[in-house]
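Chain identifiers are assigned alphabetically (A, B, ...) following the order of the sequence lines, protein sequences preceding nucleic acid strands; residue numbering begins at 1 within each chain. Only a predicted model underlies this, so the values are computations on that prediction, with no experimental measurement involved.
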2 protein chains.
Amino acid sequence: MEQDHFSNNGPQSKLIDAAITLFSEKGYAATSVREIVELAGVSKPVLYYYFKNKEGLFNAILDEASEWQEQIIRNVLDSPQSATEKLLILYTHIDDAFQEHPDFFRFIHSLILGLPQGNPVYDLERFHRRMIDLVREIYQQGRVKGEFLEADPEDFASLIIGVNDFCLHLECLNPEKGDSERPKRLLNLALKGLKNKD
Amino acid sequence: MEQDHFSNNGPQSKLIDAAITLFSEKGYAATSVREIVELAGVSKPVLYYYFKNKEGLFNAILDEASEWQEQIIRNVLDSPQSATEKLLILYTHIDDAFQEHPDFFRFIHSLILGLPQGNPVYDLERFHRRMIDLVREIYQQGRVKGEFLEADPEDFASLIIGVNDFCLHLECLNPEKGDSERPKRLLNLALKGLKNKD
DNA sequence: GTCTATACATGGATAGAC
DNA sequence: GTCTATCCATGTATAGAC
C-alpha cells in the first residue's frame, strides 16, 4: 500500500509502480524491460500483454500525469480566494503532490526539462503551456481587481512558473534537505514588486 | 569553421563537435558510437584512440563547459559595475554563450536539469552551486552598498538563477521564436521589489 | 493470463593488418 | 594513426507450452 502510485494491485499497477521507480532513477532509455518486470515480480510477457510494449507503459504513466495536472488546475480555479492566494494554493498543491509521489514527479519533471533521450514522443510542452495559461489567467483576474501592478501577463506567468520549477528542481536534486517553505518564500520574494500595497 | 565548437580541426575536435550535436539532440545514452563516428567522418577506433571510450568524450565536453562557466564568472566579477548591472551582465554573458553554441548549451542544460539517464557520473551540481554562490556574493556586495533591500541571500540567489534557468529552458524548447529580451525583462520583474529606490 | 525459452537487432569495444 | 572485420553483452520482443 505504502509505495503504491496507483489504485488496484493487479499486474498493471505493479508494473506501473515499478516503471515509475526505475524511470525516475535512470530514465526511460536506460531502464530495461527485464529490470521492470523483475521489480514488479512478473515475467516479461505480462508486460507485453497488458501494455503493448515498453512505450505503452510510458504513455500510461504520462496520461496519469495529465489527469493529475488537470485536477490541480481545477482545484486552484475553483478556490474562492484572491489571486495571490490562488498562486499560493497552486504552489502548495504542486508541492503536496510532489511530497506524496516524489519519484513520479521527478520523472515527469525531468522529461519536461530534459532532452528526448530516446523517449517516445509525447506532447510534453502541453504541461508547460497549461501552467503558463493558468497563471496568466490568475494574473488577469487579480489585475482587474487591482491586486497586482501592471506587468506583461506572459512575463508574470513565466516568472511565477519559473520560480516554482526551480524549487521543484532543487527538491529533486536533494530531497533529503528538502526546504518545504522555500517555494512560498520565493513566491513572496518574486511578488514583492508586483503586488499593489493598499 | 562555422559549426565548430572547438579550435583545431583534427579528429578530436571533429569528434567532439559531432558528439555535441548528437548528444544535444538525443542525449548521451540514446546516441550510438556508430552515429558519432559517422557524423565526424572517421572510423570507430579513432574515437577509442583519442578518447578512451564513449564516456571519455562525455567528460571532455563537460570539462570544456566547466572552463566556460569559470570564464563567465571571472568576467562578471571583474566588471566594475554596480551589483544590479553585474546581474544583467551575467544574464547577457550566459545568453551570448547560448546564442553562439546553442546545442552545446542545450546539452549541458538538460544534463543539469534532467535525470542520470545512463549518463556517466559527473559532478553536475557543481555548475549549479557555482552560480548560486556567485549571485549570493553579488547580492551581498550590493546589500552593503545599500543597493538592495534586505532578503535572505540564498533565496535571492535562487530566485535570480531560477529565473535565468527558466529562460534558458524556454529558449531550448523553441529556439525559433527566441525572445532574446525576455531574460532581462524577467530579471527586472523579479528585482522590482528587491531594489532600493533612492 | 502467465510462464520458459529463444529469436533477432543493436551497441560498445577490440584484434590485427596497413 | 587509421582502417576493416569481428567479438560479445545487452536489450526488445515473441513463440509456444501450460
Once side chain to side chain donor-acceptor pair (under 3.5 Å) is applied, do any residues pair with A/Asn119, and if so which ones, sequence neighbours excluded? none

Kindly write out the residues that satisfy salt bridge (Lys or Arg N to Asp or Glu O under 4.0 Å) with B/Glu100, not counting sequence neighbours, or none if the list is empty. none

Pairs involving residues 68-84 of chain A, ordered by first then second residue, that meet salt bridge (charged side-chain N to carboxylate O under 4.0 Å, His left out) (sequence neighbours left out): A/Glu70-A/Arg130

According to ring-ring contact (aromatic ring centres under 6.0 Å, His included), who are the partners of A/Phe166, at least two apart in sequence or on a separate chain? B/His128

Mind checking ring-ring contact (aromatic ring centres under 6.0 Å, His included) for B/Phe148 and listing every partner two or more places apart, or none if nothing turns up? B/Tyr139, B/Phe156

Can you give me every donor-acceptor pair (side chain of residues 34-43 of chain A, partner residue at least two apart or in another chain, under 3.5 Å) with its distance?
unit_1, atom_1, unit_2, atom_2, d
A/Glu35, OE1, A/Lys26, NZ, 3.0
A/Glu35, OE1, A/Ser32, N, 2.9
A/Glu35, OE1, A/Ser32, OG, 3.3
A/Glu35, OE2, A/Lys26, NZ, 2.5

Spacing of B/Leu15 atom CG relative to C/dG12 atom C1', expressed in whole Å: 15 Å

Taken in chain and number order and not counting sequence neighbours, the residues that satisfy side-chain contact (heavy atoms from CB on, under 4.5 Å) with A/Arg185 are A/Asp179, A/Glu181, A/Arg182, B/Asp155

Are B/Gln141 and B/Glu137 close enough that a side-chain donor and a side-chain acceptor fall under 3.5 Å? yes

Contact check, residues 23-35 of chain A vs DNA chain C, heavy-atom distance under 4.0 Å, returns none

Return the residues of residues 42-51 of chain B meeting this criterion: a heavy atom under 4.0 Å from some atom of DNA chain C. Order them by number, or give none. B/Lys44, B/Pro45, B/Tyr48

Check every nucleotide of DNA chain D for an atom under 4.0 Å from a heavy-atom of chain B, then give the first and the last such nucleotide from 5' to 3'. D/dG1 to D/dT4

Ring pair (Phe, Tyr, Trp, His ring centres under 6.0 Å) contacts touching residues 20-41 of chain B (sequence neighbours left out): B/Phe23-B/Tyr28, B/Phe23-B/Phe107, B/Tyr28-B/Phe58

Please output the side-chain donor-acceptor pairs of residues 86-94 of chain A that fall under 3.5 Å, not counting sequence neighbours, one pair per line with the distance.
unit_1, atom_1, unit_2, atom_2, d
A/Lys86, NZ, A/Ser79, O, 3.2
A/Lys86, NZ, A/Gln81, O, 3.3
A/Tyr91, OH, A/Ile160, O, 2.7
A/Tyr91, OH, A/Asn164, N, 3.4
A/Thr92, OG1, A/Leu88, O, 2.7
A/His93, ND1, A/Ile89, O, 3.1

